[in-house]
Number of protein chains: 2
Amino acid sequence: MAISESTIAAGKEADTRERLIKAALRVFANRGIASATLREITEEAGANVAAVNYYFRSKEELTRTVLETCLRPINESRLRHLDELVARHGEGAIPLDDIIEALVRPMVMNSIDEYGGRSTVRLILQVRALPQPMTNTILANQFDRIHRTFIEALSKALPDLGRAEIGLRYDFARGAIMQILGDLDPAARDLPDLGIKHSGLDNESIVRLLVAFISAGFTAPGLLPVRAG
Amino acid sequence: MAISESTIAAGKEADTRERLIKAALRVFANRGIASATLREITEEAGANVAAVNYYFRSKEELTRTVLETCLRPINESRLRHLDELVARHGEGAIPLDDIIEALVRPMVMNSIDEYGGRSTVRLILQVRALPQPMTNTILANQFDRIHRTFIEALSKALPDLGRAEIGLRYDFARGAIMQILGDLDPAARDLPDLGIKHSGLDNESIVRLLVAFISAGFTAPGLLPVRAG
DNA sequence: GTCTATAACACGATAGAC
DNA sequence: GTCTATCGTGTTATAGAC
């Protein structure tokens with residue numbers, strides 16, 4: 001009632017903009033960023049074709065916004081988890097399982113889209129599989145600190161392993177996490193069988209199973225020489 | 001000298017066709033299947049723009065051929081390795097490390113393109129990240145038997161784990177293998193930092209490090225109930 | 001802020017000469 | 001088997017009415 005017209009306009013603006021971002025995430029994930037057209041995205045968002053060019057400058061700017069919007073909360077949650085662990089253990093090493101869980105849980109829990117799918121995961125898999133300058137810059141900005149922080153914590157927890165081996169195993173872990181979440185997306189399961197069906201697994205189980213596998217992998221004896229440092 | 005004109009023509013035909021496949025693999029991997037244009041591919045192959053439509057019926061048919069051409073040798077090698085292990089151990093269980101190595105080594109060793117890159121890996125990552133009916137059918141045809149065979153061998157080697165958990169860990173392993181090989185491709189390393197630099201790692205070390213990590217992961221105690229069977 | 005209409009361009013595919 | 005020229009289509013982006 002007391003809402004002015006400009007407030008309504010501003011509310012409407014934010015709404016269309018947000019709807020465009022959500023629709024773009026889904027269309028990008030399902031059809032590929034390059035193949036996705038502004039017509040599909042705007043139709044899915046219930047907006048006009050010209051809306052993307054009005055709210056974002058271009059398709060590229062929309063892509064940037066979508067990526068940053070869906071990555072930020074996941075990585076913020078990871079850092080929050082890890083900060084809590086650091087606070088709890090002070091200078092001492094953090095138990096391996098806890099570090100891995102801080103890496104796994106936010107990605108499993110916060111990458112679910114409004115339809116129960118894994119659009120965010122499939123989008124990340126896409127831009128990782130297809131390195132392009134623009135998306136790589138975004139990934140670097142979003143993930144660089146995370147990687148450094150986790151590898152540092154892992155180095156303290158696993159003093160017998162060198163940095164090179166920890167970095168490598170950390171990337172093994174990232175691959176395992178992302179691929180399984182991509183496969184679990186119902187949108188990917190409709191299609192002809194890729195790999196194995198994993199039906200009836202709740203997210204909590206996924207976390208526990210990933211943590212068990214990855215922690216065991218990290219506990220394997222090191223093969224590379226440990227550098228001083 | 002004794003080569004007839006028709007032989008020369010046939011040789012030339014096979015040559016252009018093959019050059020197109022190799023060029024397409026590289027361009028697909030670097031720019032994405034959807035974004036890759038026939039103009040880029042034919043230029044890279046030193047052929048005419050119309051050559052793709054002459055040798056293959058369409059871009060889609062070319063894509064199919066490229067995928068099958070680069071996947072077949074890898075999976076044939078995996079089956080060969082595993083068959084040898086089965087022959088050696090008869091009805092008994094195969095040691096876990098040997099099964100994992102039969103899974104890992106062919107992908108690490110046979111996915112290297114003529115420029116030392118990992119075009120094949122990045123192409124697989126692409127089509128897995130972006131499920132489409134056509135490419136999924138090819139993946140299913142190429143990988144289905146592999147998955148079944150390996151999971152069966154793993155079940156014998158790890159009788160304390162249920163099929164569901166083995167299938168899941170098998171997919172963890174596939175994710176770890178593919179993502180690390182994609183990251184190791186020099187073509188992906190030029191760009192802004194994604195994850196960690198893994199410089200100076202030879203392929204033999206990659207195999208050993210992957211096998212160590214994955215085998216340890218499989219050895220972790222099971223979390224899911226074991227079904228009878 | 002939202003719409004229609006269209007400009008400017010790139011693509012896959014093909015026809016037809018050589 | 002290889003080439004040039006071109007057709008038809010679909011794309012992003014924008015100009016301008018509402």
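Atom set for the values below is all heavy atoms of this structure, side chains included, hydrogens, waters and symmetry mates excluded. To find a chain, count down the sequence lines: A is the first, B the second, and so on, and within it residues start at 1.
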- Message: So, using salt bridge (Lys or Arg N to Asp or Glu O under 4.0 Å) as the criterion, who are the partners of A:E204 when residues are at least two apart?
- Response: A:R105
- Calculate the interatomic distance between B:L62 atom CG and C:dA13 atom C1'; express it in whole Å. 14 Å
- Taking only heavy atoms on the protein side, list every residue of residues 31-43 of chain A lying under 4.0 Å from any atom of DNA chain D, sorted numerically. A:A36, A:T37, A:L38, A:R39
- With sequence neighbours excluded, what pairs up with A:I124 under the side chain to side chain contact (heavy atoms under 4.5 Å, CB included) test? A:L71, A:M107, A:T120, A:R128, A:F143, A:M178
- Residues at least two apart in sequence or cross-chain that pass salt bridge (Lys or Arg N to Asp or Glu O under 4.0 Å) with B:R31, listed by chain then number, are B:E40
- Message: In this structure, how many angstroms lie between the P atom of D:dT12 and the CD atom of A:E61, rounded?
- Response: 16 Å
- Query: Within less than 4.0 Å of OP1 or OP2 of C:dG12, is there a side-chain N or O belonging to B:S58?
  - Reply: no
- Message: Between B:D113 and B:R26, does any NZ, NE, NH1 or NH2 come within less than 4.0 Å of an OD or OE carboxylate oxygen?
- Response: no
- Query: Residues in salt bridge (Lys or Arg N to Asp or Glu O under 4.0 Å) with A:E61, at least two apart?
  - Reply: A:R64
- Task: Look at the side chain of B:Y54 and decide which nucleotide, out of D:dA13, C:dA13, D:dT2, has an atom nearest to it.
- Result: D:dT2
Between the protein and nucleotides 14-18 of chain D, which nitrogen or oxygen pairs come in under 3.5 angstrom?
unit_1, atom_1, unit_2, atom_2, d
D:dT14, OP2, A:N53, OD1, 3.3

- Partners meeting side chain to side chain contact (heavy atoms under 4.5 Å, CB included) with B:S215 (sequence neighbours left out): B:L96, B:D97, B:I100, B:V211
- Item | Whole-Å distance separating the CD atom of A:E60 from the P atom of D:dT12 | 13 Å
- Separation of D:dT2 atom P from B:N48 atom CG, nearest Å, is 9 Å
- Item | salt bridge (Lys or Arg N to Asp or Glu O under 4.0 Å) partners of residues 67-87 of chain A, not counting sequence neighbours, each pair once | none
- Note on the structure: A:R118 meets the salt bridge (Lys or Arg N to Asp or Glu O under 4.0 Å) criterion, sequence neighbours left out, with none
